[in-house]
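The next block holds one structure in the form of structure tokens; read it before the comments.
Within every chain, numbering begins at 1; the chains are lettered A, B, ... in the order of the sequence lines, protein sequences first and strands thereafter.
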Number of protein chains: 2
Amino acid sequence: MKREGAPRLIDVAEAAGVSLASASRAMSGGSGISPEVAAHVRGIAQQLGYEPNMHARGLAGGLVPTIGLVVHEIGDPYFSDIASGVIRSATLENRSVQIAQAERTPDSELAQVKSLMRQRIGSIIIAGSGYADSQREQRMSDALVDFTLAGGRVAVIGRHYLPVDAVLPDNHRAGVSVGRHLAELGHRRIGVVAGPLELNTVADRIAGLREGTDEPGVELTVVSQAFTREGGIAGARELLGRGLTAIVGLNDAMAIGILSELRQHGIRVPEEMSVVGFDDIAVAADVAPALTTARIPMFDMGQHAVSLILRPASDEPRTIATSHELIIRQSSGPPAPVAI
Amino acid sequence: MKREGAPRLIDVAEAAGVSLASASRAMSGGSGISPEVAAHVRGIAQQLGYEPNMHARGLAGGLVPTIGLVVHEIGDPYFSDIASGVIRSATLENRSVQIAQAERTPDSELAQVKSLMRQRIGSIIIAGSGYADSQREQRMSDALVDFTLAGGRVAVIGRHYLPVDAVLPDNHRAGVSVGRHLAELGHRRIGVVAGPLELNTVADRIAGLREGTDEPGVELTVVSQAFTREGGIAGARELLGRGLTAIVGLNDAMAIGILSELRQHGIRVPEEMSVVGFDDIAVAADVAPALTTARIPMFDMGQHAVSLILRPASDEPRTIATSHELIIRQSSGPPAPVAI
DNA sequence: CTGAAAGCGCTTACAG
DNA sequence: CTGAAAGCGCTTACAG
């Protein structure tokens, strides 16, 4: 019998000679169905080109296949690269992705996650760094556990302390690499323009820096600013006149701001001051001078997050560790004889 | 009577003393209901904190409030800035946004739009430049008209020839400004590294450049490459040795690639070669040398597109024109005595 | 303009 | 493990 429009689950069920209920269980990967029947139904579904109606699923109490991605700010290259990786992988898997912006405020982040859940979205990827505020993270943790119990899939980028799958940026070791690079060049008085100290990303990178510069005579001066180019500018301003020979920005946006501020003051990089960043966003190679930075594979991290989401849930949270690469360009060199 | 969970439309209807059907018409802005009743129902809904269940709507044949945004590539700053504007405005209006990537292939763009429609998404914003291929655009046009007829809202960025609301980037006049700037500086042999010629954005900017350089003795040499940094590099390579004193990249990514290639060859900018871009993406100010470019307000364009979507449909497609601003930085100057 | 009723395509107790 | 049935919360002909 010919039928208008897309095939429905009932069509699949009929073609497979099973009940609607069984077909549903076969497609939703639910338990309570024999593997043979499930495989058979899925085969028929494939043949018929069946695509589940997400609204029917959502209404009936199921979860829809859409992936919700929570970022701090999509205009930030760090997040847009992650988003690009997520969308690329999701599209290959025929999944839609919905993006929510937390605008860099932690409460809004939780609100976005809850809004995603309310929409019965089946998978959530949280790309933003976690916060050190344990009360807040506890509330996030509670929400995610509830969601997981209801069949939702979650992957976070960073935030290994949350009881969900995670892809781990190599922040600590990247910090070590940067610190060691500077220390080996001979820098002793090093400034750090950090983002908000309550961000785990910031804490991890700073800890790495400390470890990498753990030599006699090395002194780190840390100031905290917004995690943006403007924050970098403000931080550089704070740090000038403190007798430093190098400044590290805790992300490339900040480092670029630092570069800009130093240029304003006519301070030559790297002759008078070395500058190093984190992430290796696309333009890091093109700023003046080209930025030395610890590359974090944002795009890949996005793809990894999707791969975690796609696997069925397991008892133990899983983790995908990523690596970093120190990219040495023109903005770092030996310290000047006279510090600034 | 207390009730678990969120209020449903039936709860609103009861509280307002009307039928479910009337409540539905009041909320969905449909016709066939008196303005007084509609206002009353909406008041009650507001009071109760009613939020429509999008899955029920979608299932029942309505359109869901989600905004679908189609970009070429979210990792490209041009698009991530637009996306940021879209998401910002959408969030304020309590609307979700779903992003689809067309990966710079026109067929995929149409496929993405159709997929959005299949999901019963009520609003679609197409951010990518249109293509000169009229057959292809005809198919897109047909799809969008059907969608509009079914109550969907569409806004495109660029593509004024499509029968839908549009926000218009100031591409032509930006081209004029860039062309005039170079001509006034005294450049006569100017290279242009264009993106794919079938992109309207490219055509408009080139037309503007021609108009702005329409003086005796000025000659434009145009080559076409991918609309990316790598395209800029390849284009610069093609253009070297042709006796030019200036090269314009048709977007900043290309211009930055051009800068990079010139640096490889030891050609000083702007002393030996001027370079100008389009868009003013965030890093244009930080590359070496700082890039002269025609600023296009991507973030605002995203917000404008949402504002178009939010207005009820009208008979005539509406249009929001935007402006540009020529930002003169260090990458442009008078021509060198000896062209390259 | 207003209302009663059918139906959208699923999932999930509830029985067996 | 399998199936019959109820129900999720809306929209939209169909009547009036």
For A/Asp165, salt bridge (Lys or Arg N to Asp or Glu O under 4.0 Å) partners two or more places apart:
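A/Asp165: salt bridge (Lys or Arg N to Asp or Glu O under 4.0 Å) contacts with A/Arg153, A/Arg318.
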Go through the structure and list residues passing salt bridge (Lys or Arg N to Asp or Glu O under 4.0 Å) with A/Arg120, not counting sequence neighbours.
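None.
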Restricting to ring-ring contact (aromatic ring centres under 6.0 Å, His included), what partner residues turn up for B/Tyr78, sequence neighbours left out?
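In terms of ring-ring contact (aromatic ring centres under 6.0 Å, His included), with neighbours along the sequence ignored, B/Tyr78 is linked to no residue.
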Under the ring-ring contact (aromatic ring centres under 6.0 Å, His included) test, which residues partner B/His55, sequence neighbours left out?
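Here the qualifying residues are A/His55.
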Bracket notation of DNA chain C in which parentheses pair within the strand, [ ] cross earlier pairs, and | pairs with another strand (Watson-Crick or G-U, under 3.5 Å):
|||.||||||||.|||
Going by side-chain contact (heavy atoms from CB on, under 4.5 Å), name the residues that satisfy it together with A/Thr66, two or more places apart in sequence or in a different chain.
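If we apply the side-chain contact (heavy atoms from CB on, under 4.5 Å) test to A/Thr66, skipping adjacent residues, the hits are A/Met54, A/Val64, A/Ser96, A/Gln98, A/Ile121.
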Pairing residues for B/Ala111 by the side-chain contact (heavy atoms from CB on, under 4.5 Å) criterion, not counting sequence neighbours:
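Partners of B/Ala111 under the side-chain contact (heavy atoms from CB on, under 4.5 Å) test: none.
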In short, side chain to side chain donor-acceptor pair (under 3.5 Å) pairs touching residues 142-152 of chain A with sequence neighbours left out are A/Gln138-A/Asp142
Quick one: is C/dC1 close enough that its OP1 or OP2 comes under 4.0 Å of any side-chain N or O from B/Ser22?
no
Is a side-chain donor or acceptor of B/Ser129 paired with a backbone partner of B/Asn200 at a separation under 3.5 angstrom?
yes
Tell me, for nucleotides 9-16 of chain D in 5' to 3' order, what letter each nucleotide earns: B for a base near a protein heavy atom under 4.0 Å, S for only sugar-phosphate near one, - for neither?
BBBBB---
